[in-house]
Amino acid sequence: MDHPYPFEHERLDAYRVAREFLAATARILAAMPRGEAAVADQLRRAADSALLNLGEGVARTSPRDKARCYDIARGSAAESAVALDVLSIRGLATRGDLQVARSLAYRLVCLIGGLARSARRRGAAG
């Protein structure tokens, strides 16, 4: 993401990981067999939500609003991890693809949690 005018969210490790995670889930979803639209849609929406709410949180000016968006993003990333478990249990994705996506989801949840804690500290101090 080497744009001449990068947005603030593009500078965050969490955002880069969220993009990687979204790409990993897209590869899994592209290879899924037909007839699993419900779980595929759930994973797609949760992974999208993690990235979108993270970006929205960065743009918010109030620490409270930032923390709320980060909490939503973190919840969506965690929901995505559960959806990956569903795919694993049903044998709907390769073990390697699931491991990559799950690792990214874990890292993402941790990074977003840190952003939420930081926003809350700034809000408490102000």
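No hydrogens, no waters, no symmetry mates; every other heavy atom, side chains included, goes into these values.
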Could D85 and R102 be called an ion pair, given the rule that one side-chain N must be under 4.0 Å from one carboxylate O? yes
Show, in sequence, the C-alpha distance, side-chain angles and deciding distance for V58 and Y70, and conclude whether the side-chain contact (heavy atoms from CB on, under 4.5 Å) test is met. CA-CA 8 Å; V58 173; Y70 294 150; 3.6 Å; yes
Compare all side-chain heavy atoms of L115 with those of L12 and state whether any distance is below 4.5 angstrom. yes
Hey, any chance L51 and L111 share a hydrophobic cluster, counting ILVMFWY side chains that come within less than 4.5 Å of each other, even indirectly? yes
Using 0.5 Å steps for rounding, measure from the CG atom of L84 to the CG atom of L104. 10.0 Å
Please report the closest heavy-atom contact between A47 and S80, naming both atoms and the distance. N-OG, 3.3 Å
Any donor-acceptor pair under 3.5 Å linking the side-chain atoms of R122 with those of S118? yes
For R45, salt bridge (Lys or Arg N to Asp or Glu O under 4.0 Å) partners two or more places apart: D41
Let me see the working for D13 and R16 under salt bridge (Lys or Arg N to Asp or Glu O under 4.0 Å), right down to the final yes or no. CA-CA 5 Å; D13 286 339; R16 285 188 285 274; 2.6 Å; yes
For a salt bridge (Lys or Arg N to Asp or Glu O under 4.0 Å) check, start with the C-alpha distance between R60 and E56, then their side-chain angles and the critical distance, and finish with the verdict. CA-CA 6 Å; R60 296 291 179 163; E56 182 179 351; 2.4 Å; yes
In terms of side-chain geometry, is the basic nitrogen of D65 or R68 positioned less than 4.0 Å from the acidic oxygen of its partner? no
Counting heavy atoms not belonging to R11, are there more than 12 under 6.0 Å from its CZ? yes
Please identify which of these residues, D48, L52, L108, meets the side-chain contact (heavy atoms from CB on, under 4.5 Å) condition with L22. D48
